[in-house]
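Below is one structure, written out as structure tokens; the observations come after it.
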Amino acid sequence: MEKQHPKNLEKKWQGFWEKEGIYKLNPVGGSKSKKEMQGKQISNRVNFKKRGAIFSVDTPPPTVSGKMHLGHAFSYTQQDIIIRYHRMKGESIIFPFGTDDNGLPTERFVEKEKGVSALEMKREDFVKLCQQTLKEVKPAFIQNWKDIGMSCDFNLSYSTIDQNCQKISQRFFIDLYKMGRIYRKKAPILWCPQCQTAVAQAELADKMIDSVFYDISFSLKDSKKQITISTTRPELLPSCVAIFVHPQDKRYKNLIGKKVIVPIFGQMVSIKEDEKVDMEKGSGIVMCCTFGDVTDMEWYFTHHLPLIISISKDGKMSKTTGKFQGLTINQARVKIVDELKKEKRILAEKKIKHLVNTHERCNRAIEILPTWQWFIKILDKKEELLELGKKMNWYPEYMRYRYEHWIKNLKWDWCVSRQRFFGIPIPIWYCKKCKKVKLAKIKDLPVNPLGAQPKEKCSCGSAEFLPEKDVLDTWATSSLTPQIVESLIASRAIKKNFLPMSLRPQAHDIISTWLFYTVTRSYFHFGKIPWKDIMISGFVLDPKGEKMSKSKGNIIEPNKIIEKYGADSLRYWASGVSLGKNLRYQEKEIKNGHRTVTKIWNASRFTISHLKNFDIKNWSNKNKLYSLDQFLLSKLQKTIQKCEDSFKKYEFSSARKKTETFFWNDFCDNYLELVKWRVYSLKENDWRKKSAQFTLYYTLLTILKLFAPVLPFITEEIYQLYFRKKERQKSIHQTTFPKIDQKLIKEKRKFQGEKLMEILAEIRKEKSSKNLSQKAEIKKLTIYSKNKELLEIISLFGEDLKQTANIKEICFKQGYKKDNKFLF
RNA sequence: GGGCGCUUGGCGCAGUGGCUAGCGCGCCUGCUUUACACGCAGGAGGUCAGAGGUUCAAAUCCUCUAGCGCCCACCA
């Protein structure tokens with residue numbers, strides 16, 4: 001073995017794993033691989049039965065966006081560690097890898113990448129460009145996931161825009177339609193004037209903006225009286241349909257029922273009362289416009305107000321605004337304020353900062369517009385969805401509160417139609433004559449209504465249809481990932497009890513979207529929870545604890561880290577924090593990982609160099625074990641136990657730390673030093689040497705296996721170099737996780753060994769304080785003790801102590817003597 | 001305004017009722033000991049955010065306060 005551990009292990013072993021199908025699910029599914037596997041079906045079945053329970057994972061399909069970012073590397077590594085552990089426990093792993101590549105996120109990526117605007121292109125051309133762009137960037141993108149050592153079965157792959165996913169998405173859309181869960185309605189919805197599409201509540205972000213709070217004077221009809229209304233949005237005056245005061249507000253009690261003239265636009269509106277009015281805000285009188293905010297919308301419904309739209313879909317003033325038509329919102333605001341000033345109706349203006357809702361994808365302020373949209377009815381099932389949340393195991397547990405909090409605060413049904421282009425079409429036509437909805441037939445899916453006509457006539461007899469032009473929200477498809485994954489599996493036995501899957505791993509930012517929507521779909525279509533366990537990863541922050549973003553210029557690319565330190569080091573960093581917690585990026589931690597990898601390499605190099613004439617096959621339980629070996633092996637059993645307990649609870653960081661402590665302190669610093677004299681100076685057939693060799697072999701292999709989920713590359717490298725030919729399994733990742741050997745647990749020996757370590761520490765301390773080398777000779781060591789147990793310990797480990805600390809003679813004396821423990 | 005999380009040596013973190021509160025980095029003193037100087041041995045450094053309470057016993061449980069972060073609401 002080389003003195004330096006080899007670099008660039010990533011390509012080498014990831015290639016090997018793929019070529020040898022180390023992470024392949026047996027039997028393998030997928031349309032292409034089904035054919036491939038037909039000849040091997042029998043052997044696969046046997047293989048499958050040999051392995052244990054199914055562990056199925058609903059892997060997050062990353063949104064294709066050019067490059068993997070550090071947040072991905074972080075959370076996917078955490079998932080992979082857990083899955084590697086389960087694989088080594090002998091479970092059959094279903095660990096697919098998909099990509100999410102349709103809808104607005106993909107469109108925006110393509111627009112940016114290609115410098116185009118979807119709104120200015122022909123629809124077909126844009127769709128083609130999207131497909132082409134994806135084709136270009138996807139292989140390199142997926143390679144990023146391979147480079148961090150993801151142990152997915154990359155044959156179980158999907159893209160949320162592929163034909164199979166379209167079929168599934170449309171099928172379940174029709175399913176919802178048939179059960180009356182999905183409806184089309186012209187209703188006020190959240191609208192992005194930038195992207196010119198409807199958006200869902202979950203896609204909102206917010207932004208602090210500078211604004212002006214204007215006090216505007218309105219005249220009462222048939223009176224000279226004026227009232228003052230404060231607003232930040234004077235451009236909505238044309239949409240003003242009512243004025244509200246609080247029923248308990250004594251100041252304005254006499255105003256209720258009176259009529260008011262809206263300045264400039266002249267419409268007559270009534271003053272009404274409503275509890276939702278905040279008496280403290282502004283003058284306590286508020287105008288209701290269709291629609292300035294959610295409250296306006298609620299008043300529109302509860303008070304049956306008229307509808308006047310002054311902002312059109314492109315974010316410009318509509319024709320109902322007369323001379324302001326065509327102006328942008330901001331232009332109109334300036335002009336209207338100007339006119340109000342001329343009429344002396346602006347009584348005051350106050351500069352303020354306030355939060356406005358924006359679209360998370362483009363950061364543009366959201367408007368509320370009534371449009372025709374498709375909705376999935378969810379508001380009536382809040383209780384049921386909360387119940388379902390309690391049936392799943394959340395790791396960490398408190399993440400469930402986020403799910404619950406989100407559901408409790410839901411105000412909108414889920415709007416799933418988008419007025420965009422690159423997405424899964426809604427499989428619907430409308431009869432030209434009677435306007436009735438015509439559903440696509442299941443067997444014809446996937447369909448694109450824009451390019452096809454229904455094969456049957458409408459029930460009214462007409463054969464002419466108009467296609468639905470809208471596409472589905474991306475989440476409407478990605479909320480079906482469990483069904484998509486199931487569709488890739490060939491085995492009937494597995495398909496039969498597919499739900500709930502074993503695990504949904506993801507980061508916390510998409511609890512209110514991907515997680516919530518998947519639970520919702522699973523409930524509507526199957527009445528079941530989609531998974532048993534949920535593991536939620538935290539976020540990556542920059543070294544100062546701030547969010548990483550392109551605008552801040554503090555992005556760190558995983559590729560660069562891998563190039564410099566290797567993927568194992570990156571994984572080491574990602575595993576250093578407990579699940580759910582945010583982690584700052586610290587190069588130090590990556591270096592620490594690299595240090596650990598080097599240490600593993602060196603310890604292995606030493607160990608293996610002393611195993612040349614040792615054959616594990618000739619070792620049996622009857623062989624005698626040297627007392628120091630009994631001590632180490634006993635302690636190793638405890639370590640296995642602790643690791644196992646931690647991994648089971650998704651506590652990979654504590655599992656890693658326990659392994660590390662045993663490896664570094666017990667094995668390297670102590671045991672290897674104490675074993676040297678036996679492996680260097682004893683004869684080959686001396687039982688004490690054989691015992692040492694067995695212990696070295698067994699302990700190193702166990703340590704490698706304990707590290708394997710976190711550090712898959714270096715452990716594989718060493719396994720292949722030495723252990724593969726002895727252990728027979730093709731890869732360390734196909735070996736079984738260390739099992740506790742009860743026969744090796746020896747409490748008394750463990751206790752005695754710990755005492756030996758204390759004595760050794762005393763000796764080391766003494767030498768260190770005298771500035772001596774640890775190799776310095778001790779002529780005579782006298783141990784004074786009243787404790788006879790110590791005598792036994794000396795008789796057990798005396799030789800190890802003498803050899804390791806270079807002591808010529810050890811004396812044991814009954815009694816106590818201060819400051820004279822050692823004689824040099 | 002609501003919910004959740006965090007606050008432990010200079011820095012980054014472990015530790016969730018019990019021996020003298022741990023780890024890594026950094027710092028100091030030594031050691032070129034044939035696996036490793038990306039190492040080894042030793043050492044300094046903390047009233048566990050603050051206040052109160054429960055308990056024989058609290059960093060750990062409860063209450064309050066402060067600071068930071070995230071999610072949500074507010075948007076007239």
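To find a chain, count down the sequence lines: A is the first, B the second, and so on, and within it residues start at 1.
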Rounded interatomic separation in angstrom, taking [atom1] from [X] and [atom2] from [N]:
X      : N     : atom1 : atom2 : answer
A:D293 : B:A73 : CG    : C1'   : 13 Å
A:K281 : B:C75 : NZ    : P     : 6 Å
A:I778 : B:C31 : CD1   : P     : 17 Å
A:E203 : B:C72 : CD    : C1'   : 16 Å
A:I271 : B:A76 : CD1   : P     : 20 Å
A:F663 : B:C38 : CZ    : P     : 16 Å
A:F662 : B:C23 : CZ    : P     : 18 Å
A:I536 : B:C71 : CD1   : P     : 14 Å

Categorize [X] for me: base, sugar-phosphate, or nothing, with a 4.0 angstrom heavy-atom threshold over every strand shown.
X      : result
A:T607 : nothing
A:W601 : nothing
A:K3   : sugar-phosphate
A:L672 : base
A:E673 : base
A:K411 : sugar-phosphate
A:F539 : nothing
A:S578 : sugar-phosphate

Rounded [atom1] spacing from [N] to [M] in Å:
N     : M     : atom1 : answer
B:C56 : B:C68 : C1'   : 37 Å
B:C28 : B:G69 : C1'   : 36 Å
B:A44 : B:C27 : C1'   : 8 Å
B:G15 : B:C71 : P     : 24 Å
B:C4  : B:A76 : P     : 28 Å
B:C61 : B:C23 : P     : 23 Å
B:G22 : B:U32 : P     : 31 Å
B:G18 : B:C31 : C1'   : 39 Å

Given the side-chain rings of [X] and [Y], with only the six-membered ring counted for Trp, is the space between their centroids under 6.0 Å?
X      : Y      : result
A:Y572 : A:H594 : no
A:F291 : A:Y300 : yes
A:Y585 : A:F74  : no

I want to check one thing: is the phosphate of [N], taken as OP1 and OP2, less than 4.0 Å away from some side-chain N or O of [X]?
X      : N     : answer
A:H5   : B:C36 : no
A:T295 : B:C75 : yes
A:Q201 : B:A73 : yes
A:T232 : B:C75 : no

Heavy-atom protein contacts under 4.0 Å, nucleotides 40-46 of chain B, coded B base, S sugar-phosphate only, - none: SBSS---
Atom pairs, N/O to N/O, protein against nucleotides 2-10 of chain B, distance under 3.5 Å?
from	atom 1	to	atom 2	distance (Å)
B:G2	N2	A:H405	NE2	3.4

side-chain contact (heavy atoms from CB on, under 4.5 Å) between A:M548 and A:L70, worked out: CA-CA 9 Å; A:M548 288 192 183; A:L70 199 56; 3.9 Å; yes
Sequence neighbours excluded, every pair satisfying salt bridge (charged side-chain N to carboxylate O under 4.0 Å, His left out) that has a member inside residues 652-661 of chain A: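 Qualifying pairs: A:R656-A:E660.
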5′-ward residue of the pair A:K657/A:N602 relative to RNA chain B: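 The answer here is A:K657.
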Between A:D215 and A:S230: side-chain donor-acceptor atoms closer than 3.5 Å: yes
Polar contact flag, side-chain donor to acceptor under 3.5 angstrom, A:T804-A:E673: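 Not at all, the side chains of A:T804 and A:E673 share no donor-acceptor pair under 3.5 Å.
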A:E799 with A:R678: basic N within carboxylate O range, under 4.0 Å: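 Here A:E799 does not pair with A:R678 in a salt bridge, since their nearest N and O are not under 4.0 Å apart.
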A:K642/A:E651 salt bridge by N-O under 4.0 Å criterion: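 No, A:E651 and A:K642 are not salt-bridged.
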Whether A:W475 and A:Y517 hold their rings parallel, tilted or perpendicular, with breakpoints at 30° and 60°: tilted
Ring geometry between A:Y697 and A:F723 (parallel below 30°, tilted from 30 to 60°, perpendicular above 60°):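 Ring orientation of A:F723 relative to A:Y697: perpendicular.
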Polar side-chain contact A:T598-B:C38 base: donor and acceptor under 3.5 Å: yes
Paired stretches of RNA chain B - 3 or more consecutive Watson-Crick or G-U pairs, each distance under 3.5 Å: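 Ordered by first number, the stems with RNA chain B (at least 3 consecutive pairs each) read B:1-7 with B:66-72, B:10-13 with B:22-25, B:27-31 with B:39-43, B:49-53 with B:61-65.
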Show which side-chain atoms of residues 349-358 of chain A pair as donor or acceptor with protein atoms under 3.5 Å away, not counting sequence neighbours.
from	atom 1	to	atom 2	distance (Å)
A:E349	OE2	A:K341	NZ	3.2
A:K353	NZ	A:D210	OD1	2.9
A:T358	OG1	A:A205	O	3.3

side-chain hydrogen bond (donor to acceptor under 3.5 Å, both in side chains) partners of A:T715, counting only residues at least two apart: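 With neighbours one apart ignored, the set is empty.
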Derivation and outcome, side-chain contact (heavy atoms from CB on, under 4.5 Å), residues A:H5 and A:I714: CA-CA 9 Å; A:H5 71 262; A:I714 190 69; 4.3 Å; yes
